[in-house]
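Residue numbering restarts at 1 for every chain, and letters A, B, ... go by the order of the sequence lines. Because the structure is predicted, anything quoted here is derived from the model rather than measured. The figures that follow rest on heavy atoms only: side chains count, while hydrogens, waters and symmetry mates do not.
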Protein chains: 2
Amino acid sequence: MTTSSLESLGPFRQLSEGSRALLRRGAVLAECGPPAPILQPGTSISGAYFVVRGRLRVYAVAPDGTEATLYFINPGETCVFALNSLFNDLRYPAWVQADADTTVALIPGGVYRELFQKEPSIQDVTVRALSTLVFRLMEELEEVHAYKLDQRLANLLLIHASAAGELAMTQQQMAAHLGTTREVVARLMRDFVARGFVETGRGVTRVKNADGLAGLIATPT
Amino acid sequence: MTTSSLESLGPFRQLSEGSRALLRRGAVLAECGPPAPILQPGTSISGAYFVVRGRLRVYAVAPDGTEATLYFINPGETCVFALNSLFNDLRYPAWVQADADTTVALIPGGVYRELFQKEPSIQDVTVRALSTLVFRLMEELEEVHAYKLDQRLANLLLIHASAAGELAMTQQQMAAHLGTTREVVARLMRDFVARGFVETGRGVTRVKNADGLAGLIATPT
DNA sequence: ACCGCTGTGTAGCTTTTGGTACAGACTCCG
DNA sequence: CGGAGTCTGTACCAAAAGCTACACAGCGGT
């Protein structure tokens with residue numbers, strides 16, 4: 001994978017020749033091996049991030065150390081937090097962690113701003129990325145307010161399970177995602193198991209009755 | 001106040017003559033008297049909203065009827081939720097309520113899109129508005145996760161109190177803002193009063209010891 | 001086989017928050 | 001001044017979630 005292959009990706013396909021050259025000279029690809037924090041609050045953003053492969057997880061950390069996922073950035077999406085800081089001169093307010101085997105393209109701030117001015121497709125992708133993020137954040141905020149933990153856990157299982165109904169996450173990871181503790185997840189899981197909704201294993205949870213979980217979300221309590 | 005006065009506001013000041021004419025023909029001003037919901041989830045957005053005077057409150061409503069404020073839109077700010085739906089064809093996912101004496105300019109979708117394409121200043125204000133919103137939402141999400149209700153209430157009092165330390169809100173409104181119930185707010189208030197942090201009155205709360213409240217936020221429990 | 005590490009299962013207690021119910025106080029208005 | 005409507009104060013109970021502590025199971029390495 002080289003930086004020139006960036007040009008064949010999503011929003012960069014329709015660029016003018018000049019912009020392509022600009023991108024080729026300026027962009028840098030970064031590979032992330034094992035999951036590791038790559039950005040911390042207050043980091044001054046030096047460019048726009050574009051997820052080529054893998055996934056980024058943006059999360060908050062409370063004073064007591066517990067985490068909570070704010071949102072994910074999937075392949076083909078621009079990492080908008082960077083745009084945020086890029087256009088508004090705000091310091092980045094959260095943590096970012098890359099999944100295993102993630103590739104990120106870093107487009108320096110100056111280059112991005114130039115592209116944004118010249119290229120309608122970049123303007124478009126920028127606004128769309130921001131809009132999508134706003135949407136996700138509003139959804140998340142609404143979920144936190146409106147649903148109890150068991151419903152949010154059920155939702156997590158339904159959303160992130162593979163086609164085969166498997167979810168390869170430890171309970172600790174689920175807890176961090178939901179902003180709670182492992183014990184609470186284990187307690188809820190025990191309940192789900194008792195009701196025949198899921199089976200638990202080491203590092204994996206299998207969904208046996210998706211309708212049951214879905215019903216849990218729909219009905220109160 | 002006429003629509004032509006819009007042109008003297010913020011981002012519209014630098015427009016070309018053609019764009020001004022476009023705006024003059026297309027934009028509509030709406031006055032909102034008493035506080036009332038003006039948008040509901042699923043509403044299809046027909047344009048971009050721009051707050052001229054007053055304030056908009058964007059909030060979520062849980063199935064059980066309790067509300068929670070997601071964010072405010074202040075005078076001079078574009079109502080980005082509209083942009084969101086405008087550029088992404090997403091249905092609007094929350095409720096919007098206008099404060100008393102609020103004036104909103106409605107710029108039809110087609111007009112706004114045309115302005116966005118032609119005018120760098122509109123591109124700029126759009127991206128900035130979205131960025132700011134992303135920032136606010138992330139902050140809010142983080143606050144909900146990291147702080148307990150007493151801390152969030154203390155924060156509300158500190159942030160929204162006037163220079164004289166007065167906050168003209170009923171406890172019911174505070175509760176809706178924080179996504180909880182009036183009784184809980186009353187209980188926390190009793191505690192604040194006992195500690196000498198505030199004085200309560202009908203429809204108004206006076207901050208007597210801002211440092212005390214601030215200390216509450218800083219220290220755990 | 002043994003050890004250490006990581007992950008899960010469980011119990012019991014505490015704190016926080018929500019729900020219900022009602023009393024009293026203030027305000028506007030006729 | 002009286003009454004309706006709105007706002008606040010409070011007591012009590014229930015539910016949800018967090019905290020601590022510990023047992024045990026799987027897995028990999030030596």
Side-chain angles (χ1 to χ4, degrees), chain A residues 34-35 61-68 143-157 166-195 197-206 216-217 219-221, chain B residues 34-35 61-68 100 143-154 156-157 166-195 197-206 216-217 219-221:
Chain A
V61 177
D64 67 0
T66 60
E67 300 181 1
E143 185 188 303
V144 168
H145 167 242
Y147 297 101
K148 296 194 200 296
L149 264 181
D150 58 343
Q151 297 175 305
R152 300 213 290 134
L153 178 59
N155 192 45
L156 170 67
L157 292 171
E166 297 220 335
L167 177 63
M169 274 178 97
T170 66
Q171 297 185 353
Q172 178 63 60
Q173 288 173 321
M174 296 183 208
H177 183 75
L178 296 173
T180 182
T181 58
R182 187 193 64 77
E183 293 83 347
V184 175
V185 170
R187 183 158 60 204
L188 296 171
M189 278 295 188
R190 185 191 350 165
D191 197 58
F192 288 177
V193 170
R195 296 211 232 176
F197 293 167
V198 302
E199 278 175 12
T200 58
R202 187 184 176 83
V204 65
T205 303
R206 272 172 300 279
L216 203 61
I217 297 173
T219 48
T221 309
Chain B
V61 178
D64 67 2
T66 61
E67 301 181 0
E143 184 188 304
V144 169
H145 166 242
Y147 297 101
K148 296 194 201 294
L149 265 181
D150 58 343
Q151 297 175 304
R152 299 213 289 134
L153 178 59
L156 170 66
L157 292 171
E166 297 222 335
L167 177 63
M169 275 177 96
T170 67
Q171 296 184 354
Q172 178 64 61
Q173 289 173 321
M174 296 183 206
H177 183 76
L178 296 173
T180 182
T181 59
R182 186 193 64 78
E183 292 81 350
V184 174
V185 171
R187 181 160 62 206
L188 296 172
M189 278 296 187
R190 182 189 355 164
D191 197 58
F192 288 177
V193 170
R195 297 210 229 176
F197 293 166
V198 302
E199 278 175 12
T200 58
R202 186 185 176 85
V204 64
T205 302
R206 273 174 299 281
L216 204 61
I217 297 172
T219 46
T221 308

Here the distance between atom P of D:dG18 and atom NE2 of B:H145, to the nearest Å, is 8 Å
In short, B:V144 meets B:R152 closest at the heavy-atom pair CG2-NH1, 3.8 Å
Between CZ of B:R202 and P of D:dC7 the distance, given in whole Å, is 7 Å
Rounded to whole Å, the CG-P distance (B:D64 to D:dA15) equals 16 Å
DNA chain D nearest-nucleotide lookup for A:V184 and B:V204: closer to the 5′ end is B:V204
>> Using a 4.0 Å heavy-atom cut-off, does A:R190 contact any base of the nucleic acid, only the sugar-phosphate backbone, or nothing at all?
In response: sugar-phosphate
Phosphate contact (C:dG18 OP1 or OP2) by B:T180 side-chain N/O below 4.0 Å: yes
Per atom distances to the B:Q171 side chain, the nearest of D:dA17, C:dT17, D:dT8 is D:dT8
note: B:L178, atom CG; C:dT16, atom P; distance rounded to Å ~ 17 Å
What one should report as the nearest heavy-atom pair of A:R206 and A:V204 is NH1-CG1, 3.8 Å
| Below 4.0 angstrom, N of the basic side chain to O of the carboxylate: do A:R187 and A:D191 qualify? | no
By nearest-nucleotide position on DNA chain C, the 5'-leaning member of B:G179 and A:G201 is A:G201
OG1 (B:T180) and CG (B:L149) are apart, to the nearest 0.5 Å, by 5.0 Å
In whole angstroms, the gap separating P of C:dT8 from CZ of A:F192 amounts to 15 Å
Whole-Å distance, A:D191 CG to C:dT10 P, equals 12 Å
Margin query: So, under a plain 3.5 Å distance rule, would you say the side chain of A:R182 forms a donor-acceptor pair with the base of C:dG9?
Written below: yes
Under 4.0 Å from OP1 or OP2 of C:dG9: is there any side-chain N or O of A:T200 that close? yes
Rounded to whole Å, CD of B:Q173 lies from P of D:dT8 at a distance of 9 Å
Separation of C:dT17 atom P from B:L153 atom CG, nearest Å, is 11 Å
Paired with B:F192, the side-chain contact (heavy atoms from CB on, under 4.5 Å) test is passed by just one of B:L153, B:T205, B:T200, namely B:L153
Of C:dT20, D:dA21, D:dT8, the nucleotide closest to the side chain of A:E183 is D:dA21
